[in-house]
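So the structure is just underneath, and the comments pick up after that.
It should be emphasised that the depicted structure is a prediction, and the values quoted were computed from it without experimental measurement. All values below come from the heavy atoms of this structure, side chains included, with hydrogens, waters and symmetry mates left out. Residue numbers begin at 1 in each chain, while the letters A, B, ... track the order of the sequences.
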Amino acid sequence: MFDTLSDRLTSVLKNLRGKGRLSEADIDATAREIRIALLEADVALPVVRGFISGVKERAKGTEVSQALNPAQQVIKIVNEELIGILGGEKRDLALAKKPPTVIMLAGLQGSGKTTLAGKLAKWLAGQGHTPMLVACDLQRPNAVTQLQVVGERAGSPVFAPEPGNGVGDPVDVARRGVAEAERAQHDIVIVDTAGRLGVDEEMMQQASDIRDAVNPHEILFVVDAMIGQDAVSTAEAFRDGVGFNGVVLTKLDGDARGGAALSVRQVTGEPIMFASNGEKIEDFDVFHPDRMASRILGMGDMLTLIEQA
Amino acid sequence: SRSRSMFGQSVLGLLGAGDLDEDSWEEIEDTLLMADLGATTASEIIERLRTEVAARGVRTPDQARALLREVLMDALATTQSRSVQALPHGDPADGGKPAVVLVVGVNGTGKTTTTGKLARVLVADGRSVLLGAADTFRAAAVEQLGTWGERVGAEVIRGEEGADPASVAFESVQRGADSGVDAVLVDTAGRLHTKTGLMDELGKVKRVVDKRAQVDEVLLVLDATTGQNGLAQARVFADVVDVTGIVLTKLDGTAKGGIVFQVQRELGVPVKLVGLGEGADDLAPFEPEAFVDALLG
Ligand SMILES: Nc1nc2c(ncn2[C@@H]2O[C@H](COP(=O)(O)OP(=O)(O)OP(=O)(O)O)[C@@H](O)[C@H]2O)c(=O)[nH]1
Ligand SMILES: Nc1nc2c(ncn2[C@@H]2O[C@H](COP(=O)(O)OP(=O)(O)OP(=O)(O)O)[C@@H](O)[C@H]2O)c(=O)[nH]1
Ligand SMILES: [Mg+2]
Ligand SMILES: [Mg+2]
């Protein structure tokens, strides 16, 4: 058993000299190894396919260099392709010309939305903004209480006129939240919503009703880095059901490879903007495509090696 | 989502057609990969199926479907009981001891919800239940379990925010034994298996409870949307707290939860329950047949 893609490719390409091009057979063998590595990193199967044909195409034309062994060279290609997809069209949060900027969070149950609401608030406050949180998850037991605690930790006020636990209308709360932010002159409103499944039509409708009520400048799809093959159908369901223009990857402090990053980016075309990497309010960062690429491949060091070569 | 998809039908249509070309096999493999079985497990299942198809001379789509089901069911088979041990040892009103269940897992999988639902099942069965809120870390986790307690009619032992979870857990089993309840269910904080400090803390919770009572079940809650990382989670949790059963949550979505094939086989710990929604009654026993049928689409 080989642990990393690098080991695998080295074994497949071990007879190759540092001259000439990779043969058809070499490329096929290489493609098989890359496929397995990506699947083990939880990249969704349809995305793996498309990705590999892109890599194959590039590998065909490449001269085997003197400086890198063939395995390193293929990894370099894979890495560059990954970064290309993960990092293409980076952008910052879109701030409204006329405040408040409304940021709506959406995602599956337990993905990390409420925690992220606090992290975003804290991060934005650190940049001189005056964010306010709005408690629109009136479903999950004590989601409102949780957001209040999180807001307190972030030092941002929480608009929570309804107790939740099944009581109150989230669409109405969202609308009133934005009005309250205008009144109290908060320049950013972060709307926390209930977790929902892609297949739950009623809940998805609710999300799109919230969206229509407040016209968010940003709708961030919050996705757990541990998600497997379901990433594609879920991302599509949220894209079609509520629409989003940015992605946040959470729980990156674990050891999941996080292939979902590639899946979601590839399938929806929306940029991954932030990374959530812990339970504490400061465990938050902008997204780094290069780190994510080597994480998916499971080989940070290998890449440093290549850079130095 | 339990109906047969076009995809599933086409796979089995081809399977039944007699001699299978590579494309058909690939389609079958795709079904398994998309269900999160993982590359290695998927190819093992395919190998088994190849052998069986050859050996048994499969002719009709129905036979083929049955065969694939059989191979998958077989891969899920266990000699261990899938029932949750949550009944008291003797009559608690007469010196017997409550059953003790510990609920563990990574962040956001559905531990607190599962604890609430399990309490509901027991209460509906006429049992008295005490809940221990040993997640003293996450914002409003104690309140969340408190709400579940009210919802299903179970007393909740709460610690202060930031209190030592082991002492809350201890107090819960102590109190449960003193007041003669039938079962004590202890909810713990979500923690990533990679955080050694937090895993040590969990180990301590278990050891402290062990001193006061027999722990009947340690349920590891796995989210069905989890991919290959699920195995890493299960390994570490099993190592630290001796997991006795898996609860697979969020099966009401589109995720198939195929990681449990690897988890069950490697740890020898059976899947016992499935979560099928956010409501109090959305908990069901794990049924391999229904699970495999849903997986095949
Ligand atoms: N380790 C880790 N835990 C996280 C991270 N983000 C969130 N969590 C934890 O994941 C769990 C779920 O987070 P929440 O913020 O409640 O998730 P949510 O999406 O609001 O959940 P629902 O409202 O129930 O849908 C909590 O235990 C959080 O502390 C992260 O980046 N790393
Ligand atoms: N659709 C669906 N949602 C579920 C299921 N089980 C739990 N949930 C939801 O998932 C989210 C997280 O559930 P919790 O019970 O808070 O999870 P937890 O493991 O206790 O989370 P932490 O304590 O923060 O680690 C909540 O929104 C639940 O309502 C299930 O079987 N199906
Ligand atoms: Mg929430
Ligand atoms: Mg919990």
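Of the atoms belonging to A:Arg49, it is side-chain heavy atoms, and not backbone ones, that fall under 4.5 Å from chain B. Looking at B:Ala255, the atoms closer than 4.5 Å to chain A (heavy atoms on both sides) sit in the backbone and in the side chain alike. For A:Asn165, the part lying near chain B is the side chain, with the backbone staying farther off; criterion is any non-hydrogen pair under 4.5 Å. Using a 4.5 Å cut-off between heavy atoms, B:Glu150 does not touch chain A at all. Residue contact with chain B, scored on non-hydrogen atoms closer than 4.5 Å, is absent for A:Leu147.
Put simply, of A:Gly198, A:Gly118, A:Ala256, the one with the most heavy-atom pairs under 4.5 Å next to chain B is A:Ala256. Taking B:Thr112, B:Thr249, B:Thr226 one by one and counting their heavy-atom pairs under 4.5 Å with chain A, the maximum is reached by B:Thr226. Looking only at heavy-atom pairs under 4.5 Å with chain A, the residue among B:Lys195, B:Arg151, B:His193, B:Arg138 that has the most is B:Arg138.
Residues A:Arg257 and B:Gln228 bring no donor and acceptor atom of their side chains to less than 3.5 Å of each other. Using modelled atom types and a 3.5 Å distance limit, the side chains of B:Glu278 and A:Gln109 yield a donor-acceptor pair.
Surrounding CD of A:Glu282 are more than 12 heavy atoms belonging to other residues, nucleotides or ligands, all under 6.0 Å away.
Between B:Gln144 and A:Pro141, the shortest heavy-atom contact is CG-O, 3.4 Å. Residues A:Arg153 and B:Phe137 approach most closely at NH2-O, 4.0 Å, considering heavy atoms. Between A:Ile36 and B:Ala39, the shortest heavy-atom distance links the atoms CG2-CB, 4.3 Å. Closest non-hydrogen pair, A:Val150 versus B:Ala139, comes out as CG2-CB, 4.1 Å.
Checked by atom type and distance alone, the side chain of B:Asp36 never pairs as donor or acceptor with a backbone atom of A:Gly228 at under 3.5 Å. No donor-acceptor distance shorter than 3.5 angstrom exists from the side chain of A:Asp230 to the backbone of B:Thr225, with no hydrogens or angles considered.
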Self-check item: Stepwise salt bridge (Lys or Arg N to Asp or Glu O under 4.0 Å) check, A:Arg35 with B:Glu29
Solution: CA-CA 13 Å; A:Arg35 177 174 182 273; B:Glu29 188 182 28; 3.8 Å; yes

Practice problem: Take A:Asp255 and B:Thr194, measure what side chain to side chain donor-acceptor pair (under 3.5 Å) needs, and give me the verdict at the end. | Solution: CA-CA 7 Å; A:Asp255 61 355; B:Thr194 49; 5.4 Å; no

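Atoms OG1 and CG, from B:Thr31 and A:Leu45 in turn, are 9.5 Å apart once rounded to the nearest 0.5 Å. Distance check, rounded to the nearest 0.5 Å: CG of A:Asp42 to CD1 of B:Ile259 gives 7.5 Å. One finds the CG atom of B:Asp252 at 8.5 Å from the CG atom of A:Asp200 (value rounded to the nearest 0.5 Å). Of the inter-residue distances, the one linking A:Met226 atom CE with B:Thr109 atom OG1 reads 8.0 Å to the nearest 0.5 angstrom. For the atom pair CG of B:Leu145 and CG of A:Asn142, the computed distance is 9.5 Å after rounding to the nearest 0.5 Å. Note that the CG atom of A:Asp224 and the CG atom of B:Asn107 stand 8.5 Å from one another [nearest 0.5 Å].
Using a cutoff of 4.0 Å between basic side-chain nitrogens and carboxylate oxygens, B:Glu143 and A:Arg140 are not scored as salt-bridged.
In this structure the side chain of A:Lys251 never reaches within 4.5 angstrom of the side chain of B:Val106, judged on heavy atoms. In this structure, A:Gln229 and B:Lys256 have side chains that are not in contact, with every pair of non-hydrogen atoms separated by 4.5 Å or more.
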